[in-house]
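Each remark here refers to the structure printed beneath this line.
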Amino acid sequence: MKAVYTTCPFCSCACGLYLQSDDGRLLGTAPSERHPVSHGRLCARGWHAHEAPLWGERLTQPLVRQEGELCPVSWPEAIRCAAEQLKAAQADGGVGVIGSARATNEESYLAARLARGALKTPHVDCGLRDTYWPLHTGIAQGLGGALQGTLDEIAACDLLLVEEGDLARTHPQVAAGVVRALRQGARLLTWGPVRTQLARLATLHVPTPPGCHGELAAALLTAVAEADESAPAPQVVQFLASARAAGVPDPGDELRQVARWYLEAWGAAMLLAPVSAPPEEMRAAAYAWALVARAAGHARRPGSLVLPLPVRGNLAGACRMGMAPDALPGGHDLADGAARERLARVWATEPAYDEGLRAADMLARLGGLLVVAEELATSMPKPPGTDALGRLKALVVLDAFATPTALAASIVLPITSLAETDGTAINLEGRVQHVQAAVPPAGEARPGWEVLAELASELGLADHRYASVADVGAEIARCVPGLDVRGESALASIDAPEASMGNPGWAAAANKPNPRYPFTLAVDGVMDWGEDPLVAFSPTLRRDSLAEAKRFPRGAVYLNKADADAIGIRAMAPVSIASATAAVVLPAVVRSDLERSLVLVPFAHRAQVAELLGSEAAVAVQLTRA
Ligand code: SF4
């Protein structure tokens, strides 16, 4: 039996594991004992990593839609048709490129190069980017550079401040690090709308409504400034002045105690989870939390860290590789002269430097899309209907799996899955790690980086002959100095200007008391694992989601037991949820771990409340028995 060392693709902890195979067939998974992240431990998802490429429908041939049907064609024919359709769409309505956290760094880099360099379009983005990159940039601006650290450093901290969105489920190794720290006597502050298992272990849990928590950060910053005798930084002074003007509440005794702990801690970890909120609000709240670390003297302290948690696999890598409408590869600003000069030299063309549309807007406003390993239904705030995809003049999809997006495509280019791919990925620590092929490609599937390089050449970009994926890595190193994807390295900082944020991002109006609409409605989480194509094709990993789908075929709404009792709603009884503009009826699931006045709809059923939420992350609603 053969065992190939690679990186777990599911969450951004990115544990090291071995894929075991025999005669080209994947048989099992084993942890890497010496891996610096996982140290021989895997979560349940990781133990089943070999299942993902085995189950479900694989794409094994290039397909072109003819008279409504996807028909097999040769690779040269598919690449030629894809280039023609994308060029035609570019001339008639514009074209965009959407990438994914499932892509390797090399695939994301070449997708960004194809967009800005070959298609000359600024419309480039990746699914779920808005759940992570605003946190990353907000922290970098608050601290004057990223404060990254390792999972081992989390376990060694004596104070942990955790935005709790169910870390044990979304980032199991991070949760394990927090628990290890607790066992050694660390203190834990959590905040969030659900009293999760981890929140129950906290020294102090602050119940908060869904969304960003600039107000909580501002209150803690006020308490830190009161307790610290040294002169605060100008950004802190400016922020506190705007916070006072906005009426930030008194921190209270408990937060004042946390502020003293933070000032005394020799190692403190602040972990910011992705939340459903507008990107600008997330960035402003992350900036506020970074200022708290700065004011407490943890901005440059070895052993202290402020980490945003990317929700899925290689989301950090996709963002760093330039899959963004407002940044160049390396996360450089669009106006950065040195970054522009490097790209123009390496790509041998003048790229598109404008700011482009976000993925959700691309769907509504452009004529064509190139989608790289992304299932749009799982990564958009609102799943696009078949109408939205059907109106596109060109939908070219590179994927390993027959996802709904691939099946709606005008052209399908089959690429290798995680077990058949070489490349690199970046985890939540900023660690660049290798992904290695364990088995041969399925059918005619080809590595995504090869397909993207060939398509860019067909579109007219100077022909770069990459003999192997390492050549792509070498080119990335030339475009993004300091990021050497040929070897394993940790990224210490990003290029981000020191900046002050105007709007501190106070909580949404929905969070303010409203006697007519006393409940806050939001979507539970920013994604459902069961909808991730890597998980969706594994019966073992999808078991929870399948059970939920069977239990609630038409959706459900979670509410607090005391609230349900007060309104007279029994479990599974229909409940009417009404805002000022819309209403919907769903069966009630009564829970005791939810905060009062909070109403959550499972991520998988978010379409049911799309009209109620509009563009907001949370809205005020009224509940009545239906
Ligand atoms: S913690 Fe994340 S990276 Fe590690 S095995 Fe589990 S899913 Fe994979």
Side-chain angles (χ1 to χ4, degrees), residues 3-20 26 28-55 100-105 128 131-132 150-152 154-155 162 164-181 196-198 271 273-274 307-318 378 417-419 421 423-436 438 488 490 525-538 540-545:
V4 172
Y5 171 76
T6 191
T7 300
C8 179
F10 295 127
C11 84
S12 57
C13 297
C15 300
L17 53 80
Y18 290 91
L19 285 177
Q20 301 163 325
L26 285 168
T29 305
S32 160
E33 293 297 328
R34 287 184 299 156
H35 191 264
V37 172
S38 44
H39 303 289
R41 293 182 298 262
L42 297 176
C43 77
R45 279 193 296 270
W47 277 106
H48 292 276
H50 62 284
E51 282 189 9
L54 291 179
W55 300 95
S100 160
R102 258 198 291 147
T104 61
N105 292 333
L128 299 168
T131 65
Y132 165 68
T150 66
L151 295 189
D152 280 350
I154 292 174
V162 179
E164 177 51 347
D166 208 353
L167 211 52
R169 199 164 61 109
T170 58
H171 299 83
Q173 294 288 11
V174 180
V178 171
V179 171
R180 290 212 306 278
T196 61
Q197 253 180 316
L198 197 66
L271 308 174
L307 270 189
L309 303 176
V311 68
R312 236 167 64 182
N314 194 27
L315 185 54
T378 64
S417 82
L418 69 117
T421 300
T424 57
I426 299 176
N427 81 343
L428 56 83
E429 301 171 327
R431 192 186 295 272
V432 183
Q433 303 192 105
H434 289 294
V435 174
Q436 296 196 81
E488 302 219 350
V526 292
M527 73 167 280
D528 179 350
W529 274 103
E531 290 194 4
D532 184 331
L534 285 180
V535 170
F537 293 130
S538 160
T540 317
L541 297 176
R542 239 208 123 187
R543 205 167 37 202
D544 285 356
S545 302

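One-based numbering, in listed order, for ligands and for the atoms of each. One-based numbering along the sequence shown.
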Original post:
Does the shortest distance from atom 6 (Fe) of ligand 1 to an N/O/S atom of Cys8 fall below 2.8 Å?
Top reply: no
Original post:
With a 4.0 Å cut-off on heavy atoms, does Ser38 reach ligand 1?
Top reply: no
Original post:
Sequence neighbours excluded, which residues qualify as side-chain contact (heavy atoms from CB on, under 4.5 Å) partners of Ser100?
Top reply: Arg102, Arg312, Ala373, Glu374
Subject >> Minimal non-hydrogen separation, Asn314 against Thr104, with atom names >> reply: ND2-C, 3.6 Å
**OP:** Give the atoms of ligand 1, by number and element, whose distance to some non-hydrogen atom of Gln173 is under 4.0 Å.
**Re:** 1 (S)
Original post:
For ligand 1, which part of Ala14 has a heavy atom less than 4.0 Å away: the side chain, the backbone, both, or neither?
Top reply: backbone
Original post:
What are the two closest non-hydrogen atoms of Pro274 and Leu309, and how far apart are they?
Top reply: CD-O, 3.3 Å
Subject >> Atom indices of ligand 1, in the order listed, that fall short of 4.0 Å to a heavy atom of Arg45 >> reply: 7 (S)
**OP:** Taking the side chain as every heavy atom from C-beta outward, state whether Asp166 and Gln197 have any pair of such atoms under 4.5 Å apart.
**Re:** no
Original post:
Against heavy atoms of Phe10, which atoms of ligand 1 measure under 4.0 Å?
Top reply: 7 (S)
Subject >> Proximal ligand 1 atoms for Pro172, defined as those under 4.0 Å from one of its heavy atoms >> reply: 1 (S)
**OP:** Using the test salt bridge (charged side-chain N to carboxylate O under 4.0 Å, His left out), find all partners of Arg180 that sit at least two apart in sequence or belong to another chain.
**Re:** Asp152
Original post:
Any N/O/S atom, backbone or side chain, of Cys11 lying under 2.8 Å from atom 2 (Fe) of ligand 1?
Top reply: yes
**OP:** Quick one: pull up NE2 in His50 and CG in Leu418 and give me the separation to the nearest 0.5 Å.
**Re:** 11.5 Å
